[in-house]
Engineer: 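Please find one structure pasted underneath; my questions will follow.
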Amino acid sequence: MTSPPHNSTADNQPSDGTGKVLSDGQMTANEEAESFNENKNCSGHKLEEMTDKDDSNYKTGLHYHQDKGRMSLTSIVAVKSPSSSDAPIRRTIDLGHGSDLIYIQRFLPFQQSWTFFDYLDKHIPWTRPTIRVFGRSCLQPRDTCYVASSGLTALVYSGYRPNAYSWDDFPPLKEILDAIFKALPGSRFNSLLLNRYKGASDYVSWHADDEKIYGPTPEIASVSFGCERDFVLKKKKHEESSQEKRGEGGPALKRLKKSSRENQQSLALKHGSLLVMRGYTQRDWIHSVPKRAKAEGTRINLTFRLVL
Ligand SMILES: O=C(O)CCC(=O)C(=O)O
Ligand SMILES: [Fe+2]
């Protein structure tokens with residue numbers, strides 16, 4: 001996304017930055033996400049690389065809930081690059097109907113990722129802005145910064161217009177971007193939203209990065225450093241059936257609830273990982289990084305986007 005999760009241009013609805021507003025007008029409590037996610041310890045420690053053996057779902061590289069009934073992935077395809085046996089394993093996750101994700105758990109080397117983390121933590125001019133949501137001022141529940149090529153439409157979200165820093169101000173960002181271009185040949189990015197979650201209480205609420213400036217099918221590349229956090233996706237609600245609208249069907253309500261559970265996914269985003277959202281993921285799905293009591297460490301996330 002070009003704009004952060006919460007970026008909106010003047011003609012866009014304010015999107016959520018505090019955990020409440022959805023760009024499509026839906027609103028959901030973070031607790032809803034937390035109710036179907038188990039808490040996880042922060043694994044973002046520097047001394048020792050996490051081995052994959054402690055991830056019972058290593059075969060997919062994704063963290064799924066115990067309750068398989070909640071999974072709704074249409075298919076999971078693991079593809080190892082034919083060009084090099086050393087290439088990190090890349091998984092494509094088909095969410096159905098033209099939406100898909102790519103997840104590369106070991107996108108950047110472990111120690112190099114800590115070097116990036118330290119650089120970003122120290123040198124990025126982080127701010128925690130006051131934003132306006134539903135007419136109320138509140139502190140955004142995480143630190144942020146914005147980097148963009150010159151001449152792009154300004155980012156404005158929730159009444160806040162971040163300063164667009166230059167790529168030249170932070171040379172390591174170009175290294176990360178180069179690595180992304182190698183992994184995603186043909187992709188284009190000209191802006192970057194950085195988020196820093198300083199502990200368990202920092203979060204980003206349900207939203208879709210579906211601002212018009214990104215076009216109908218934005219590709220968003222998300223690189224994570226530091227403390228592992230859950231990234232939760234939920235399918236946007238369909239039009240209610242006429243029966244449900246009239247409130248005539250108890251069974252219909254049950255179907256709705258069941259369907260809601262089945263259309264949620266959770267990925268534990270590892271230190272040094274890359275997640276790419278593509279196709280209609282922003283149109284048809286919303287995502288969040290909920291509060292997590294045990295995620296005590298700092299996490300830094302970079303989302304690269306293309307402003308059209
Ligand atoms: O921190 C993350 O993994 C996601 C951040 C996000 O959704 C965004 O910046 O739009
Ligand atoms: Fe987002």
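Atoms within each ligand, like the ligands themselves, are counted from 1 in listed order.
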Engineer: Do any N or O atoms from the side chain of Q140 and from the backbone of R142 form a donor-acceptor pair under 3.5 angstrom?
Structural biologist: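 Between the backbone of R142 and the side chain of Q140 there is a qualifying donor-acceptor contact (under 3.5 Å).
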Engineer: Could you tell me which atoms of ligand 1, counted from 1 in the order shown, lie closer than 4.0 angstrom to a heavy atom of D209?
Structural biologist: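 Close to D209: 10 (O).
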Engineer: Between R292 and D230, is there a side-chain N and carboxylate O pair less than 4.0 Å apart?
Structural biologist: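 The answer is yes: the pair qualifies as a salt bridge.
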Engineer: With a 4.0 Å cut-off on heavy atoms, is R142 in contact with ligand 1?
Structural biologist: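 No, R142 has no heavy atoms under 4.0 Å from ligand 1.
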Engineer: Residues in side chain to side chain contact (heavy atoms under 4.5 Å, CB included) with P216, at least two apart?
Structural biologist: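 Once residues adjacent in sequence are excluded, P216 has no partner under the side chain to side chain contact (heavy atoms under 4.5 Å, CB included) criterion.
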Engineer: Hey, is ligand 1 close enough to H207 that some N/O pair sits below 3.5 Å?
Structural biologist: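 By distance alone, the answer is yes.
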Engineer: Step by step, would you call H123 with D169 a side-chain hydrogen bond (donor to acceptor under 3.5 Å, both in side chains)?
Structural biologist: CA-CA 10 Å; H123 295 285; D169 295 338; over 6 Å; no
Engineer: Going from CG on L173 to CZ on F304, what distance comes out if it is rounded to the nearest 0.5 angstrom?
Structural biologist: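 That separation rounds to 6.0 Å.
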Engineer: Report yes if the distance between the aromatic ring centroids of H97 and Y280 is under 6.0 Å, otherwise no.
Structural biologist: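 Not under 6.0 Å, so no.
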Engineer: Any idea which atoms of ligand 1 are less than 4.0 Å away from a heavy-atom of Y197?
Structural biologist: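 It comes down to these atoms of ligand 1: 1 (O), 2 (C), 4 (C), 5 (C).
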Engineer: Kindly indicate whether the side chain of R299, heavy atoms from C-beta on, has any atom under 4.5 Å from the side chain of S224.
Structural biologist: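 Yes; the side chains approach each other to less than 4.5 Å.
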Engineer: Just give me the atom name: the N, O or S atom of D209 closest to the Fe ion (ligand 2).
Structural biologist: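 Atom name returned: OD2.
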Engineer: As an exercise, identify every atom of ligand 1 less than 4.0 angstrom from a heavy atom of V289.
Structural biologist: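 Once the distances to V289 are compared, the set is 1 (O), 2 (C), 3 (O), 4 (C).
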Engineer: Within a distance under 4.0 Å of any heavy atom of L193, pick out the atoms of ligand 1 and give their elements.
Structural biologist: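 Those atoms are 9 (O).
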Engineer: Once rounded to 10 degrees, what value does the angle at the Fe ion (ligand 2) take between NE2 (H207) and NE2 (H287)?
Structural biologist: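 NE2 of H207, the Fe ion (ligand 2) and NE2 of H287 span an angle of about 90°.
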Engineer: Provide the number and element of each atom of ligand 1 under 4.0 Å from a heavy atom of N301.
Structural biologist: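 Taking each heavy atom of N301 in turn, ligand 1 has 1 (O), 2 (C), 3 (O), 4 (C), 5 (C) under 4.0 Å.
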Engineer: What do we get for R229 next to ligand 1 when only non-hydrogen atoms under 4.0 Å count, side chain, backbone, both or neither?
Structural biologist: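 Neither; nothing of R229 gets under 4.0 Å from ligand 1.
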Engineer: Do side-chain atoms of R229 reach the backbone of P290 as a donor and acceptor pair under 3.5 angstrom?
Structural biologist: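 Checked: pair present.
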Engineer: Could you tell me which atoms of ligand 1, counted from 1 in the order shown, lie closer than 4.0 angstrom to a heavy atom of H287?
Structural biologist: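 By the 4.0 Å cutoff, the relevant atoms are 7 (O).
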